[in-house]
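Side chains included, hydrogens not; waters and symmetry mates left out as well; all remaining heavy atoms used. Residue indices begin at 1 and follow the sequence shown.
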Amino acid sequence: MTYRMPRLLQAMREGQVDRYCAERVLNTVAPVSDLDALEVDRLLEEKLSRLSLTAWQPRNMAWHASQIVKQVDPGAETAAARMAHEGRKVTLDHGVYAQSRLSADLPSDVASAAYARVDAMARKLRLNDSSRNLDQLRADVFADLLIGNDPGVTVPQSAAMVYLHMPIDTALSMSETGASIDGVGPIPATYAREIMTNPKSIWRKVLCDPATGNPVDLGRTSYRPNSTIRKVVEVRDRMCIVPWCRRPARHCDFDHHKQWAKDHGSTAVDNAAPRCRKHHRLKNAPGWIHAYDPLHGTSSVTTPLGATYADKRETVLEPRSSRPDHSGDADGPP
């Protein structure tokens, strides 16, 4: 299949990308014709030449390829989503030591809602159960729900909430761009409208400033954030702001970027950032330098060894005033 993307093949031969990375890109480009694949190949090489080295990592490279596919053949994304939906399945893989893996290929909104609900139950159980870690609790809750056993805990329906970001003109079928699912990324507009109109979907609209593409800002003066501020920050940043961390924001700590006590930082959206517990604790560790601009969504981390990793947040919706190139530099050291 690499004949469809000779520049990608050359990069693989030169050691710039490995086989796994190339396969991810090829799978992303699979829905388009051979001629369009050549154009994606050319545009991808051109785009990557302008970005930092982290853009060449598998996850980022596949994302850039998907954006170019939409540009070259807008209908390919919807066709690919249809094919993937038709291929949904549950698989069982028996392993060693009496452990097996049960997995399911599902629509992203359904999978996200299911995982969020299992996770919410596990976290609630953990309050009174220190014998199991979160991974073990999620696995046990997951098994109980499937078998029909009572997991011993209930959570509100909102625990399985999916945030669907979509411009009003896309919702009205006047446009075919701009739709995305929080924590998943861009999705075909047709698919987004189906989620929106499906009575079984658990979703919530996000109101954004059309000039910036970001959620509307809110604030308060006390230390502990109210649920609205926390939700706005989670929806805006979507994951831990440390460039190489992909932990969803809803599972992160609410961090005052400018410290509350030491620096008199306010509890407001423009001074907040989601950081996972590990990176929250690392923030003030000796030798580590963290920078974050909530307004423009830029973040950087310099390690004690002097290596700097940078990232730029994707806007929830594409700004109406301009259409900048998203760098998507997200991956970094483990």
Side-chain angles (χ1 to χ4, degrees), residues 1-51 53-93 101 103-112 115 162 164-166 170 175-195 246 314 318 325-331:
M1 288 288 288
T2 47
Y3 72 88
R4 307 178 77 221
M5 302 187 70
R7 290 176 174 82
L8 178 65
L9 176 59
Q10 183 63 30
M12 190 168 65
R13 287 173 174 168
E14 294 175 354
Q16 291 179 286
V17 299
D18 58 22
R19 185 178 183 84
Y20 170 72
C21 181
E23 287 178 348
R24 288 198 62 165
V25 173
L26 287 169
N27 288 337
T28 303
V29 179
V32 304
S33 67
D34 289 348
L35 186 61
D36 284 340
L38 289 173
E39 179 65 4
V40 172
D41 189 38
R42 182 187 70 79
L43 293 174
L44 182 62
E45 181 188 48
E46 180 182 307
K47 185 171 187 178
L48 292 175
S49 69
R50 304 193 305 266
L51 303 177
L53 290 177
T54 54
W56 288 76
Q57 295 180 353
R59 186 170 190 165
N60 292 334
M61 203 166 170
W63 185 88
H64 288 301
S66 70
Q67 301 309 295
I68 296 173
V69 165
K70 289 196 295 185
Q71 172 187 336
V72 172
D73 183 0
E77 186 185 29
T78 300
R82 295 289 186 209
M83 291 174 60
H85 182 66
E86 291 174 0
R88 61 192 184 280
K89 62 183 182 294
V90 175
T91 56
L92 176 62
D93 180 21
R101 179 182 296 273
S103 60
D105 293 321
L106 298 168
S108 294
D109 60 305
V110 175
S112 297
Y115 181 84
V162 172
L164 177 65
H165 309 145
M166 186 164 44
T170 302
S175 173
E176 296 300 313
T177 61
S180 66
I181 295 178
D182 181 34
V184 176
I187 60 171
T190 302
Y191 185 30
R193 286 190 289 267
E194 289 178 4
I195 296 173
R246 292 281 181 175
E314 300 164 31
E318 193 76 8
D325 182 32
H326 299 300
S327 65
D329 302 345
D331 292 339

Can you list everything that forms a side chain to side chain contact (heavy atoms under 4.5 Å, CB included) with [X]? Sequence neighbours excluded, please.
| X | answer |
| --- | --- |
| A104 | V90, L106 |
| Q16 | A11, E14, W56 |
| D73 | V32, D36, A76 |
| S49 | none |

- So which heavy atom on A65 is nearest to which on V40, and how close? O-CG1, 4.4 Å
Approximate separation, where rounding is to 0.5 Å, of [X] [atom1] and [Y] [atom2]:
| X | Y | atom1 | atom2 | result |
| --- | --- | --- | --- | --- |
| I68 | E45 | CD1 | CD | 10.5 Å |
| R4 | L26 | CZ | CG | 8.0 Å |
| H64 | L43 | NE2 | CG | 13.5 Å |

Taking the side chain as every heavy atom from C-beta outward, state whether [X] and [Y] have any pair of such atoms under 4.5 Å apart.
| X | Y | result |
| --- | --- | --- |
| P6 | L38 | yes |
| M5 | L44 | yes |
| L48 | M61 | yes |

For [X], what residues pass the salt bridge (charged side-chain N to carboxylate O under 4.0 Å, His left out) criterion, not counting sequence neighbours?
| X | value |
| --- | --- |
| D93 | none |
| R82 | E194 |
| R193 | E176 |
| E23 | R19 |

- Task: Would you please name every residue forming a side-chain hydrogen bond (donor to acceptor under 3.5 Å, both in side chains) with D105, sequence neighbours left out?
- Result: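 Testing D105 for side-chain hydrogen bond (donor to acceptor under 3.5 Å, both in side chains), a comparison that skips the adjacent residues, returns K89.
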- Item | Non-neighbouring partners of E46 that pass side-chain hydrogen bond (donor to acceptor under 3.5 Å, both in side chains), sequence neighbours left out | R42
- Item | side-chain hydrogen bond (donor to acceptor under 3.5 Å, both in side chains) assessment of T28 paired with S66 | CA-CA 6 Å; T28 303; S66 70; over 6 Å; no
- Task: Show your working on side chain to side chain contact (heavy atoms under 4.5 Å, CB included) between L92 and R101 and close with a plain yes or no.
- Result: CA-CA 6 Å; L92 176 62; R101 179 182 296 273; over 6 Å; no
- Is a donor on one side and an acceptor on the other found under 3.5 Å between the side chain of R24 and the backbone of C21?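 No, the answer is negative, given that no donor and acceptor are paired below the 3.5 Å cut-off.
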